[in-house]
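These notes concern the structure reproduced below.
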Number of protein chains: 2
Amino acid sequence: MKDNNDMPGHLARRFQQIAVAVFLAEVGDAGFDLTPVQYAALATIKANPGLDQVTLAGLIAYDRTTITGVIDRLVQKGLAERRASPRDRRARELEITDEGRRTLRKITPAVESAQRIMLRGLSAKEGEDLMRLLHKAIAAGNELSRAPLREVQA
Amino acid sequence: MKDNNDMPGHLARRFQQIAVAVFLAEVGDAGFDLTPVQYAALATIKANPGLDQVTLAGLIAYDRTTITGVIDRLVQKGLAERRASPRDRRARELEITDEGRRTLRKITPAVESAQRIMLRGLSAKEGEDLMRLLHKAIAAGNELSRAPLREVQA
DNA sequence: GGATATTGCTCAGTATGCTGACTATCAGTA
DNA sequence: TACTGATAGTCAGCATACTGAGCAATATCC
């Protein structure tokens, strides 16, 4: 029987597990309390001011039921705001706060450090290869999860 | 600012997300209700009869607090048994049941199919490269998560 | 215009994963 | 043997992720 450790699914889980641990450790050492998921959401809100929750979910491939709680926590920490959209009363527009902007700016070195650490076993070229292969596999499997990546349409 | 989609941590999350979705879809289509985590635990119990929970957790890099619930569910489904160890009254010995063995056997094609599907965007060589690079990165980061991989000592 | 379908969001429930704390037990040592 | 430390397991609490259901609002079609 094939070993678990030779299955891509198991390796995916392990790598993600390490990536999250490294992120939390680096960001925690820098004095911040932000998860990888919250960071990605906050950075995407900053880059796309006023976007609604479904669009945000699509941009970072989160499930729409997951994003609700993530935003709850960003709002509770004072990093983002959620307000009713004037154009569509079902939707909520998201904005980053000044506090959120400050946090993003100060947290960036720790985030970048975390990305380096999770690839520390690989040479620069190997790191690039890994990223490229992951990209390719993810692109081919994008529609297979409930929360696929969705580009913003023009 | 660097895009989320260029960060290894984000790619790790995406790949894992797709891997789980593919696994559940394939296994579900085959008529079984087993998660990737439960599958790995069950296969490892089968390969190491009588092992205790901490050893099991080490072999598949699960946290010891996570394994409790996973085993609960395997036991509840009748696929595994948990009994007190005669040698160490703190420990629980784990055994696969006949039903568990049958399930593992019948589920194998779906599991293997899932592994193929999650790499479907890659050539055979690219798939091997991805596995090798993940292995290498994981080995270097093994100690960075709370639940590192632990080999069984002789 | 009105029925129908779709969309944005939320909620309840389940399954990982983690932190931190706790109990029971075992191992080593003074 | 009593003390100390380590270990096996569980539990409470929190944060992703998902399924499926539901509500309110918008879009579409006849």
Side-chain angles (χ1 to χ4, degrees), chain A residues 9-10 12-14 16-25 27-28 33-41 51-58 60-74 76-77 82-94 144-148 150, chain B residues 9-10 12-25 28 33-41 51-58 60-74 76-77 82-94 144-148 150:
Chain A
H10 196 75
R13 185 190 147 279
R14 276 296 278 139
Q16 148 80 352
Q17 178 184 45
I18 291 167
V20 171
V22 168
F23 186 100
L24 291 177
V27 165
D33 172 32
L34 209 65
T35 67
V37 161
Q38 289 164 16
Y39 170 80
L51 85 174
D52 64 299
Q53 295 188 191
V54 168
T55 304
L56 170 59
I60 46 187
Y62 290 11
D63 193 273
R64 72 183 187 285
T65 62
T66 300
I67 209 86
T68 298
V70 173
I71 296 172
D72 281 349
R73 287 178 281 278
L74 287 177
Q76 208 244 316
K77 290 176 184 174
R82 179 201 255 144
R83 54 164 179 273
S85 163
R87 284 183 302 280
D88 184 337
R89 281 190 299 170
R90 293 169 302 181
R92 312 301 169 85
E93 286 187 352
L94 305 173
L144 300 179
S145 79
R146 169 161 141 161
R150 298 277 178 235
Chain B
H10 196 74
R13 186 190 146 278
R14 273 299 276 140
F15 188 51
Q16 147 80 352
Q17 178 184 43
I18 291 168
V20 171
V22 168
F23 186 101
L24 292 176
D33 172 31
L34 209 66
T35 66
V37 161
Q38 290 164 14
Y39 170 81
L51 85 174
D52 64 297
Q53 296 188 190
V54 167
T55 305
L56 170 58
I60 46 185
Y62 291 10
D63 193 273
R64 71 183 190 287
T65 62
T66 300
I67 209 87
T68 299
V70 174
I71 296 172
D72 282 350
R73 287 178 280 278
L74 287 177
Q76 208 244 316
K77 290 176 184 176
R82 178 201 256 144
R83 53 166 179 274
S85 163
R87 285 183 302 279
D88 185 339
R89 280 189 300 167
R90 292 169 302 179
R92 313 298 172 86
E93 287 187 351
L94 304 173
L144 301 179
S145 79
R146 169 162 142 163
R150 297 279 178 234

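Every chain is numbered from 1, with letters handed out A, B, ... down the list of sequences. All of these numbers come straight from a predicted model, not from anything done at the bench.
For B/F23, the ring-ring contact (aromatic ring centres under 6.0 Å, His included) partners at least two apart in sequence or on another chain are B/Y39. For A/R13, there are no side-chain hydrogen bond (donor to acceptor under 3.5 Å, both in side chains) partners two or more places apart in sequence or in a different chain. Residues that satisfy the side-chain contact (heavy atoms from CB on, under 4.5 Å) test with B/A19, not counting sequence neighbours, are A/A12, B/M118. With sequence neighbours excluded, the residues that form a side-chain contact (heavy atoms from CB on, under 4.5 Å) with A/A21 are B/S145.
At a threshold of 4.5 Å between non-hydrogen side-chain atoms, the residues B/D52 and B/R87 do not count as touching.
Around the CG atom of A/D33, the shell of radius 6.0 Å holds no more than 12 heavy atoms that belong to other residues, nucleotides or ligands.
The CD atom of A/Q76 sits 12 Å away from the C1' atom of D/dC14 (whole-angstrom rounding). In this structure, NE2 of B/H10 is placed 14 Å from C1' of D/dT16, rounded to the nearest angstrom. In this entry the distance linking CD of A/Q38 with P of D/dA15 reads 7 Å, nearest Å. Rounded to an integer number of Å, the gap from B/Q17 CD to D/dT16 C1' is 11 Å. Between the C1' atom of D/dT16 and the OH atom of A/Y39 lies a distance of 19 Å, rounded to the nearest Å.
Using a 4.0 Å heavy-atom criterion, one finds that A/T66 contacts the bases of the nucleic acid, with or without backbone contacts as well. Using a 4.0 Å heavy-atom criterion, one finds that B/A21 contacts no nucleic acid atom at all. Backbone-only contact: B/V70 has heavy atoms under 4.0 Å from sugar-phosphate atoms and none from a base.
If you walk DNA chain C from 5' to 3' and mark each nucleotide with an atom closer than 4.0 Å to a heavy atom of chain B, the marks span C/dA15 to C/dC26.
For the 3.5 Å distance criterion, the side chains of B/Q17 and B/R14 qualify, holding a donor opposite an acceptor. With no hydrogens or angles considered, no side-chain donor-acceptor pair links A/D88 and A/S85 at under 3.5 Å.
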Produce a footprint string for nucleotides 7-13 of chain D: one letter per nucleotide, 5' end first; B if the base is under 4.0 Å from any protein heavy atom, S if only the sugar-phosphate is, - if neither. BSBBB--
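The side chain to side chain donor-acceptor pair (under 3.5 Å) with A/Q53 is formed by just one residue from the set A/R64, A/R82, A/R92; it is A/R82.
Distance from the side chain of A/R73 is smallest to D/dT16 among D/dT26, D/dT16, D/dA17.
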